[in-house]
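As structure tokens, the structure follows; a few thoughts come after it.
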Amino acid sequence: MDATFATAKELQKMDPVFGQLSFDDHEQIVFCNDKDTGLKAIIGIHNSVMGPALGGTRMWNYNTEWEALNDVLRLSRGMTYKSAITGLNIGGGKAVIIGDAKTQKTPELMRKFGEFVHSLSGRYITAEDVGMETKDMDTVRDVTPYVTGISEERGGSGNPSPVTAYGVYLGMKAAAKSQFGSDVLDGKKVLVQGIGHVGETLVEYLTKEGAQVTITDINEEKLYQVAQKYNATIYTGEDLYTADVDIYAPCAMGATINNDTVNKINAKVIAGAANNQLADENVHGARLQERGILYAPDFLINAGGIINVYAELANYGKAEIMTKTENIYNTTLEIIDFAAKNNITTHKAALTIAQNRIDQRRIENAKK
């Protein structure tokens, strides 16, 4: 009898969750299915040492369920470190709904998703992410209290996108100060990739400061709207990663810094709102460092949104939201300094500091 050997991909299919490369000792993965509404969702709870897992729900037309699972694993892990590095007493989780948010999202689907969230009894608290709006969170709130980012009319903190953009802007300024010697962005050439709720607000901040802003997005109608509104330039080249810019701001989907792009990038600073910008955080983080490109860790500088929605749980107001978000500037400088002193990447530096906080809390919890 001939021996047969399974390929790596076949092994992963035999062990589809624990075998995922993005699986990082996640505590719980919940698959949600409802025939009547068409809901197919995955909730990932990565870590609850610091508190219940808080993280947004993303609705995206994934090509495969495998792709959706990989995304929720990466995103939920990122939320753990985002909250820890920002000093919030909350764990990390995320949810993805498979489907086209423009054509398949209905109030019934959102309510059914809310019921699944409610069934976890507060272990996971949801919020807004790509493909979602504040009104969707209001719909989820109809069936569960375990949701943040609801409208101000209903006692919530509202759309977190402007606060996210503000944090990214401040993180970008801190990175610019370290790389260029000044945090003044007047005259700096910045490429913003993705002009959704966060990206557009970032364009507004940059334009007001006098930066030369170039924008790109798959939504051509939105692209022309934003270009006209802020007098921004639309990128028309063949490969945006080779663009002659000072700062590259990825604000769309993740993994844009990968094997195909990492050696092309001409920008000297990468600072954007997208989650999981490094396809491989070790390989690509190190390559950016070798090339002298300063990377502002995504889960640090895009934490304004989680600060905003966490306010609903911690009962603090707008003033404290802005104070905590403004601290992203100082934390970014501290991370860059820590990385330089320890000869590690900025991503590794941020991860190390966040993990230390989690480990300390785990020790404290064990003593109780």
Side-chain angles (χ1 to χ4, degrees), residues 22 26 28-34 37-46 48 52-62 65 67-80 82-83 90-151 154 156-161 163-164 196-198 252-254 273-276 299 302-306 308-310 312-313:
S22 298
H26 285 68
Q28 191 172 5
I29 311 295
V30 181
F31 292 83
C32 314
N33 179 65
D34 181 65
T37 61
L39 175 72
K40 291 188 182 300
I42 311 172
I43 299 171
I45 298 174
H46 176 251
S48 61
L54 173 62
T57 296
R58 170 173 296 187
M59 188 166 186
W60 191 258
N61 208 10
Y62 295 98
E65 291 176 13
E67 192 179 295
L69 175 58
N70 183 60
D71 204 28
V72 80
L73 289 172
R74 282 171 62 89
L75 290 167
S76 55
R77 176 179 181 264
M79 292 307 299
T80 294
K82 182 182 298 190
S83 294
I90 204 79
K94 205 80 174 186
V96 298
I97 297 175
I98 301 170
D100 188 332
K102 291 181 180 177
T103 61
Q104 293 175 274
K105 184 171 57 177
T106 63
E108 291 76 22
L109 181 141
M110 292 309 304
R111 274 193 286 272
K112 181 54 69 173
F113 173 72
E115 289 175 15
F116 278 106
V117 170
H118 192 69
S119 72
L120 294 171
S121 303
R123 273 185 54 75
Y124 169 65
I125 301 166
T126 196
E128 180 184 327
D129 202 290
V130 176
M132 291 291 154
E133 297 179 15
T134 305
K135 65 180 181 181
D136 299 315
M137 297 304 103
D138 282 353
T139 302
V140 172
R141 184 65 181 82
D142 289 342
V143 295
T144 182
Y146 305 122
V147 54
T148 58
I150 57 176
S151 63
R154 295 188 62 169
S157 56
N159 181 6
S161 298
V163 187
T164 302
H197 294 311
V198 176
M253 297 299 280
N275 288 305
N276 302 314
F299 64 86
N302 69 10
I306 198 76
N308 190 73
V309 297
Y310 179 67
E312 294 178 28
L313 305 178

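Keep in mind that the numbers below use all heavy atoms, side chains included, and drop hydrogens, waters and symmetry copies.
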Tell me, please, which residues at least two apart from E133 pass salt bridge (charged side-chain N to carboxylate O under 4.0 Å, His left out).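 Partners of E133 by the salt bridge (charged side-chain N to carboxylate O under 4.0 Å, His left out) criterion come out as none, since no residue qualifies.
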Please list, chain by chain and in numerical order, all residues satisfying salt bridge (charged side-chain N to carboxylate O under 4.0 Å, His left out) with E65, sequence neighbours excluded.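 So E65 forms no salt bridge (charged side-chain N to carboxylate O under 4.0 Å, His left out) with any residue.
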Would the distance check show the side chain of [X] and the main-chain N or O of [Y] forming a donor-acceptor pair, the cut-off being under 3.5 Å?
| X | Y | result |
| --- | --- | --- |
| T144 | R141 | no |
| T148 | T126 | yes |
| K105 | G131 | yes |
| H46 | M79 | no |

According to side chain to side chain donor-acceptor pair (under 3.5 Å), who are the partners of [X], at least two apart in sequence or on a separate chain?
| X | value |
| --- | --- |
| Y62 | D71 |
| T106 | none |
| Q28 | R123 |
| R77 | D24, E281 |

[X] vs [Y] side-chain heavy atoms within contact, under 4.5 Å:
| X | Y | value |
| --- | --- | --- |
| K82 | N275 | yes |
| V147 | T57 | no |
| N33 | F116 | no |
| M253 | R58 | yes |

Sequence-distant partners of [X], ring pair (Phe, Tyr, Trp, His ring centres under 6.0 Å), two or more places apart:
| X | value |
| --- | --- |
| F299 | H347 |
| Y146 | H118 |
| H197 | none |

Could you pull out all donor-acceptor pairs under 3.5 Å where a side-chain atom in residues 93-103 meets a protein atom, sequence neighbours excluded?
from, atom 1, to, atom 2, distance (Å)
K94, NZ, D129, OD2, 2.6
D100, OD1, K102, N, 2.8

Could you pull out all residues at least two apart from S151 that satisfy side-chain contact (heavy atoms from CB on, under 4.5 Å)?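 Listed in chain order: T134, D138, E153, R154.
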Mind checking what makes side-chain contact (heavy atoms from CB on, under 4.5 Å) contact with V163, not counting sequence neighbours?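 Expected list: N308, I321, T325.
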Using distance alone, with no hydrogens and no angle criterion, decide if T37 and E108 have a side-chain donor and acceptor under 3.5 Å apart.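 No, because no side-chain N or O of T37 sits under 3.5 Å from a partner of the opposite role on E108.
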Spatial distance of atom CD1 (I45) from atom CD1 (I125) [nearest 0.5 Å]: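 Result: 10.0 Å between the selected atoms.
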Could you state the interatomic distance from CG (N159) to CD (E128), rounded to the nearest 0.5 Å?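 Those atoms lie 4.5 Å apart.
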Please lay out, stage by stage, how K40 and Q104 fare under the test side chain to side chain contact (heavy atoms under 4.5 Å, CB included). CA-CA 11 Å; K40 291 188 182 300; Q104 293 175 274; over 6 Å; no
